[in-house]
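Accompanying notes for the structure given below.
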Number of protein chains: 2
Amino acid sequence: MPDATTATKPKPAKPAATPAPARAPRKRGETRERILALAEAAVLEKGFAGTSIDELIAAAGITKSGFFYHFKDKGDLARALMQRYIEANDEILLGILKRAEELNDDPLHGFLVALRMLAELVADLPNGHPGCLVAAFTYQDQLFSRDIRALMERGNQGWREMYRDRLARIAERYPPRIPASVDDLADMANALMDGGIIQSKVMKDPQVLPRQIMLYRDFLRMVFQPG
Amino acid sequence: MPDATTATKPKPAKPAATPAPARAPRKRGETRERILALAEAAVLEKGFAGTSIDELIAAAGITKSGFFYHFKDKGDLARALMQRYIEANDEILLGILKRAEELNDDPLHGFLVALRMLAELVADLPNGHPGCLVAAFTYQDQLFSRDIRALMERGNQGWREMYRDRLARIAERYPPRIPASVDDLADMANALMDGGIIQSKVMKDPQVLPRQIMLYRDFLRMVFQPG
DNA sequence: CCTGAACTGCACCCACGGTACAGTAGCCAT
DNA sequence: ATGGCTACTGTACCGTGGGTGCAGTTCAGG
C-alpha cells in the first residue's frame, strides 16, 4: 500500500529531496567489471546464494540502485559472471595451446608442452587456483535458469573439443597403446582440472592440481609415445 | 505493524492458546534422518545457502520449532550432513575394496576389480551420481566453521589413504613403469571422482563418471601391470 | 501413572532480494 | 551553451528466510 505511505510523507512541493550525491559517474563498464570481479571471488568462496548483493555493493563502493542499474536482477549477474568466466578461460586455454603449438610441429610434443605450461601456470598462482566457476555453479545449478545452464554446457563443451581435437591429431600419428577413446581422454583433462582444484582446496595444498596435470601428461605419454 | 494485531487479539488470561497439534512424535532419529536426507539432496542441487529451512520442514512435514529441536542452527545441520556423508561414503568405499580383495589375493587385481565395481555402481545409478557433498561444500567453504572444514579434510584424507595403501602394496610387488608417486595416484582417484561427477552433471551424461573410473583403471594397468 | 522425548504454535527480529521512482553529476555532440 | 545521455544516488517499501524464545501438547515406555 504505497498510497498510505505517500499520504503520511511531508511531500515538500517538489525539490530538495536529494541534497548532493558524493561520487561521480565512472567510465563505461568500469564499475560493472569491478562488481563482476568481486562477485566471482565471493561466489567461489561462499556460493551464489551465499553471496549477498549488499556485500558486493559495499565492496564496490556503490549503492543498491547502482547495482540494479547494471544488472536486471541477481540472475542477470549470474549470467554475466558465467559469460565472462567462459570467455576468459577460453582465451587462457587457447593462448597456451597456440603458444605450445607454435614451438612444436609434432602434435604430441606440442600438447605435452602445453600441459607443462598449464601446470606451471597453476603452480605459480600465489593462493592456488581460485576455482572453476562452472564447477561451482554445477553444484548449485537449480538456482539458475535454463539458459545459464546451457551456457555452462557450451563452455565446457568448448574446452572438451579443444582437448579432443589435439588428441585426435595425436592419435592419427601415434596409434594409442590402449583402446581409449579421445573423447574420454579429453573429458579426463576437464575432470582432472575440476577435481584437482577441489582436492587442492580441500587438502589446503595448491600443488595437488599442478601435480595432477603432470600425471595426466605422464598418462598421455604412456598411451601415445612410441618406444 | 504487529502491535495492532496483538491488540486486537483476545489474549484469554493464560491457557487455551494451543488447541491440539495434529501429528504425533515419531521414533528417535527418524525425523532427524528424514531432514538430513532431504537436506543433502537439496544442498547438492542448490547449494547450502540456497537451501532454506522452510523448504526442508515443508518437505519433512514438521514445523520450524521441530527443526530447531533437532538442530541447534543451520551450521549444526551442515555439520551433521557432512558427518553422515563421510561415514556413508567410507562404508561404501571400504565395502567395495574389502569385497574385491576377498576375491583376489593379488593387490593389483584386487584394486582393478574394485575400480570396476565402483564404475558399475555409479553407472547403474538411475539419475547419475547425486554429487559429492565434500566437493559441494568446498565451493562454499567460507559459509562453514573451522571444524566443519576440518571434518571435510579428514574425510577426504581418509579416502586418499584408502587408495594410497592399496597403491603402495601394488607398487611393492609391481615396480611402476613411471616414477609417479602413489600419493599422486591416490589423489588422482579422488580428483577423478569429483571431476567426473561434475563433468557428468555439466554435460548431462551420467556415463562420463564411470568411463573416467575405467580410464583411471587403464592408467593403473599401464603403470603397474607387467608384460 | 508419570516422565521425558519429540514435537506444535505463536510472536518477534534482522538481513537479504527486489521494486519503484525521483533526483543529479559529468561528459559529449550539436 | 545547452540539452541529452549515461551512470549513478537516496528514499521508501515489501516478502522471504534464518533465527530466537517459550509455553503448551502428545505419546511411548519404564
Side-chain angles (χ1 to χ4, degrees), chain A residues 1-35 39 42 46-58 60-78 143, chain B residues 1-35 39 42 46-58 60-78 143:
Chain A
M1 247 165 229
D3 305 271
T5 320
T6 313
T8 54
K9 276 200 337 192
K11 204 184 177 186
K14 259 183 192 170
T18 40
R23 285 178 217 85
R26 322 291 177 112
K27 271 178 204 160
R28 167 83 205 181
E30 199 180 280
T31 300
R32 188 185 154 92
E33 170 58 25
R34 212 164 62 255
I35 297 170
K46 292 178 295 189
F48 187 71
T51 299
S52 72
I53 295 176
D54 278 5
E55 78 179 88
L56 296 178
I57 65 181
I62 55 164
T63 63
K64 219 185 211 188
S65 315
F67 176 88
F68 285 107
Y69 172 77
H70 288 292
F71 305 99
K72 184 179 156 290
D73 52 31
K74 220 190 174 190
D76 192 29
L77 171 69
L143 297 176
Chain B
M1 249 165 225
D3 304 271
T5 321
T6 312
T8 54
K9 277 206 329 197
K11 202 185 178 187
K14 257 182 192 169
T18 40
R23 286 179 214 82
R26 321 291 178 114
K27 274 178 200 159
R28 166 84 203 178
E30 200 180 281
T31 301
R32 188 184 154 94
E33 169 59 26
R34 212 165 62 254
I35 298 170
K46 293 177 295 191
F48 187 72
T51 299
S52 72
I53 294 176
D54 278 7
E55 78 178 89
L56 296 178
I57 65 180
I62 55 165
T63 63
K64 219 183 210 187
S65 315
F67 176 89
F68 286 107
Y69 172 77
H70 289 291
F71 304 100
K72 185 179 154 290
D73 53 30
K74 220 189 172 191
D76 193 29
L77 171 69
L143 296 176

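Since the structure is predicted, the reported quantities are computational estimates derived from the model, not experimental observations. Sequence lines set the chain letters: A, B, ... in the order given, protein chains first and strands last, and positions in each chain run from 1.
For A:Ile62, whose side chain is taken as the heavy atoms from C-beta onward, the closest listed nucleotide among D:dT9, D:dT20, C:dG18 is D:dT9. Here C:dG17 is the nucleotide among C:dG17, C:dC7, D:dT20 with the atom lying nearest to any side-chain atom of A:Lys74. Across C:dC7, D:dG10, C:dG17, the shortest atom-to-atom separation from the side chain of A:Thr63 is found for D:dG10.
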Side chain to side chain contact (heavy atoms under 4.5 Å, CB included) evaluation trace for A:Ile57 with A:Thr63: CA-CA 6 Å; A:Ile57 65 181; A:Thr63 63; 5.6 Å; no
task: Could you give me the CA-CA distance, side-chain angles and deciding distance for A:Leu56 and A:Leu77, then say whether side chain to side chain contact (heavy atoms under 4.5 Å, CB included) is met?
output: CA-CA 11 Å; A:Leu56 296 178; A:Leu77 171 69; 4.0 Å; yes
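Look at CD on B:Glu33: it is 21 Å from P on C:dA5, rounded to the nearest Å. In this structure, CD1 of A:Ile35 is placed 11 Å from C1' of D:dC8, rounded to the nearest angstrom. If you take CG of B:Asp54 and P of C:dC16, they are 17 Å apart, rounded to a whole angstrom. In this entry the distance linking CZ of B:Phe71 with P of D:dG18 reads 14 Å, nearest Å. We find that CD of A:Glu30 is positioned 12 Å from P of C:dC27, with the value rounded to whole Å. When the C1' atom of D:dG10 is taken as reference, atom CZ of A:Phe67 falls 18 Å away, rounded to whole Å. If you measure from atom CG of A:Leu56 to atom P of C:dC16, you get 11 Å, rounded to the nearest angstrom. Atom CD1 in B:Ile57 sits about 12 Å away from atom C1' in C:dG9, given to the nearest Å.
For the residue pair A:Lys74 and A:Thr51, the shortest heavy atom distance occurs at NZ-O, 2.9 Å.
Not a single donor-acceptor pair, N or O on each side, falls under 3.5 Å between the base of C:dG9 and the side chain of B:Lys64. Donor-acceptor pairing under 3.5 Å, judged by distance alone, is present between the side chain of A:Ser65 and the base of D:dG10.
Residue A:Tyr69 places at least one side-chain N or O closer than 4.0 Å to OP1 or OP2 of D:dA7. At least one side-chain nitrogen or oxygen of B:His70 sits closer than 4.0 Å to the OP1 or OP2 atom of C:dC7.
The distance from the CD1 atom of A:Ile62 to the CD1 atom of A:Ile35 is 3.5 Å, given to the nearest 0.5 Å.
Panel note: side chain A:Glu55, backbone A:Ser52; a donor-acceptor pair is recorded below 3.5 Å.
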